[in-house]
2 protein chains.
Amino acid sequence: MSKKAISLKDVAAIAGVSVSTASKVLRGQGKASDATRERIMEAAARLDYEPNALGQFLAQGRSATIGVLTLNAPGAFTMPVLTGATTALGARDLSVLVADSRLDRALIAATVRKFRARKVDGLLVVGDGSGTAMRSVTDGFTVPVVYAYGLSDDPADVSFLHNGFVAGELAGRHLLSLGRRRIAHFSASLDDQSARERADGLRSVLAAEGLDLVGGRGFHGDWSRAWGRRAAEDLLASGEPFDAVFCGNDTIAVAASEVFRQAGLRIPDDVAIVGFDNLAGLMDQHDRALTTIDPLLSEVGTRAAEYLAEAIDGGEFTPGVHRVDGVLIEGDSTVGPLPR
Amino acid sequence: MSKKAISLKDVAAIAGVSVSTASKVLRGQGKASDATRERIMEAAARLDYEPNALGQFLAQGRSATIGVLTLNAPGAFTMPVLTGATTALGARDLSVLVADSRLDRALIAATVRKFRARKVDGLLVVGDGSGTAMRSVTDGFTVPVVYAYGLSDDPADVSFLHNGFVAGELAGRHLLSLGRRRIAHFSASLDDQSARERADGLRSVLAAEGLDLVGGRGFHGDWSRAWGRRAAEDLLASGEPFDAVFCGNDTIAVAASEVFRQAGLRIPDDVAIVGFDNLAGLMDQHDRALTTIDPLLSEVGTRAAEYLAEAIDGGEFTPGVHRVDGVLIEGDSTVGPLPR
DNA sequence: CTGTTAGCGCATTCAT
DNA sequence: ATGAATGCGCTAACAG
């Protein structure tokens with residue numbers, strides 16, 4: 001009936017030493033004679049001793065839990081970031097206390113209190129990927145705070161974001177490597193930070209080749225399917241020659257593709273299409289129909305989590321924004337259905 | 001410089017009472033004179049006292065954290081379950097310790113130890129939605145264990161799953177309500193538990209109308225896009241008349257739709273299509289192009305989490321499998337582009 | 001009703 | 001090199 005969990009005291013007793021030395025030895029700290037060390041280790045092994053984390057936490061004043069503040073947890077793009085972060089933290093024995101406050105001021109305040117009461121060792125704020133920076137909550141804490149998938153409005157904070165500029169470069173270089181020279185760009189308004197980054201990246205590689213976007217500044221509307229169709233129609237109507245389009249997201253890419261096909265254009269022969277988001281990958285559908293940029297959102301979460309974990313262990317913690325480069329996934333819309 | 005966190009002792013001191021009474025009063029337990037209660041509450045309020053959770057946990061032998069064992073955390077269908085669960089637990093002040101063991105025996109064993117050492121108050125096992133039951137790990141714990149999005153192989157366990165039978169019924173009833181009578185079914189092999197459930201649900205409502213599936217037992221292959229095309233081609237080749245198809249998933253539905261369109265059939269006029277998964281919704285793309293069943297995976301996670309939380313608080317915990325009914329999302333593929 | 005006394009399990013000075 | 005003594009912050013059984 002001794003279902004009682006075994007404690008350090010038990011180990012010490014069996015090893016014939018005091019609790020304090022047992023504690024030291026088991027944690028590999030301080031000096032101890034090989035003899036006693038041996039006895040202690042053996043006793044611990046025999047009893048299958050596992051230190052009670054609660055005791056350690058109280059004694060050490062840490063909780064081994066990270067507060068996670070989410071702007072929109074159930075969002076399609078937030079979920080990969082969140083799961084990436086939580087599994088990365090879990091792998092480091094850090095538990096996670098999630099609070100999905102929609103930036104409701106009162107809710108946030110309550111959450112901050114709650115996190116403090118729980119003595120969280122760090123805070124991870126997961127944004128919604130929207131271009132607008134979120135209010136910094138850093139000064140509400142004495143522990144490290146990291147922002148992921150969203151920028152804090154305080155430049156002294158550290159945040160992890162997808163690198164939109166590199167994404168634009170990847171798309172551009174890919175198309176150039178395929179011999180395309182007349183490249184258009186369909187995307188959301190340049191007021192949108194992420195749209196602007198991708199556009200800048202694209203234009204930079206074009207400029208390096210002495211090229212400019214077809215249609216001048218590109219076609220900028222919103223992220224919708226409707227805009228994708230509209231942009232394609234506008235481009236066709238303009239009469240300007242083109243042989244490729246980099247679309248700001250997959251939704252636009254698919255809609256535009258439909259319009260092009262209906263207009264009798266062949267993809268990728270007449271026009272190559274590159275999208276962004278890798279929606280298919282998000283759904284585990286690796287049909288490689290559309291060439292696209294995968295922003296590796298899960299890695300954004302992972303990297304942010306690991307940086308936070310390091311910071312807690314006394315690692316470096318320097319303000320700034322860290323960018324995670326995505327990867328280009330080749331698909332039929334640019335390289336065609338290869339016989340692979 | 002008194003950055004020191006205020007403790008119960010401070011409150012007690014100011015209120016001029018002992019720590020224990022302060023504890024009692026602040027937790028609303030036992031009796032206390034209105035006078036002292038007043039003083040204590042006031043002192044706590046004035047100091048902005050918040051109990052140190054670590055102290056409570058150690059004293060109460062609980063950790064307020066749930067161990068989450070995942071089979072495949074980054075999976076597209078697992079993520080909604082996981083985020084649903086973690087946010088629901090967070091809302092109840094329960095933190096979450098995630099371990100993504102791919103059912104690796106050794107890894108699982110290590111995880112179980114870790115969870116015990118952390119004194120988790122409960123365990124949530126998140127499966128991968130595959131038909132095959134997973135090995136029960138319940139006997140490794142003395143705390144409540146709940147399985148979500150996957151069945152345990154021990155009938156004494158409690159698990160939360162999507163209700164595939166109801167999904168089949170929903171699809172069937174929807175098609176019948178539209179006047180369709182010649183309904184086919186494209187899905188994965190009936191060896192697959194989830195495929196079988198959906199098929200059974202569909203056939204049951206058809207049977208109630210004295211109808212049978214077009215093509216007898218339906219077209220069963222796998223979950224792939226390729227199979228969707230193949231099934232559509234086979235059905236067309238069979239020459240059997242049909243006016244609707246319920247597809248086991250959206251991937252099959254989309255592929256089949258393409259074949260039908262190429263064959264000159266109009267959707268939904270000639271053939272109505274119902275899918276399953278609501279992939280578009282998973283990606284926040286509410287284009288309502290395809291009528292589909294949304295399995296509400298996030299709710300599967302939420303319900304499982306809440307049940308677990310209740311069980312921990314002494315709520316009921318009766319073995320069995322709980323089914324979460326999905327919902328049918330109407331789209332153009334059955335009701336057409338209505339002027340709504 | 002209220003205060004005293006013990007723990008909870010471990011880490012950590014400080015002596016020895 | 002080892003052990004005794006404290007403290008972490010709170011809860012709970014028992015007295016008064």
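Because only heavy atoms are used, hydrogens play no part in the values below, and waters and symmetry mates are left out as well, while side chains stay in. We name chains A, B, ... by the order of the sequence lines, and we start the count at 1 in each one.
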Original post:
Hey, would you say the Phe160(B) and Tyr307(B) ring centroids sit under 6.0 Å apart?
Top reply: yes

Original post:
On DNA chain C, which is the earliest and which the latest nucleotide, 5' to 3', with an atom closer than 4.0 Å to a heavy atom of chain A?
Top reply: dG9(C) to dT12(C)

Original post:
Can Asp157(B) and Thr138(B) be counted as having a side-chain donor-acceptor contact under 3.5 angstrom?
Top reply: yes

Original post:
Which parts of nucleotides 5-16 of chain D does protein reach within less than 4.0 Å, heavy atoms only, written one letter per nucleotide 5' to 3' as B for base, S for sugar-phosphate only and - for none?
Top reply: ---BBBBB----

Original post:
Looking only at side chains, do Ser136(B) and Tyr147(B) share a donor and an acceptor under 3.5 Å apart?
Top reply: yes

Subject >> Ser152(B) side chain near Val137(B) side chain, heavy-atom distance below 4.5 Å >> reply: no

Subject >> Test item: side-chain donor near acceptor, Thr86(A) and Thr83(A), under 3.5 Å >> reply: no

Original post:
Under 3.5 Å, is there a donor-acceptor pair between the Ser33(B) and Thr36(B) side chains?
Top reply: yes

Original post:
Is any side-chain N of the basic residue among Asp121(A) and Lys119(A) closer than 4.0 Å to the acidic one's carboxylate O?
Top reply: no

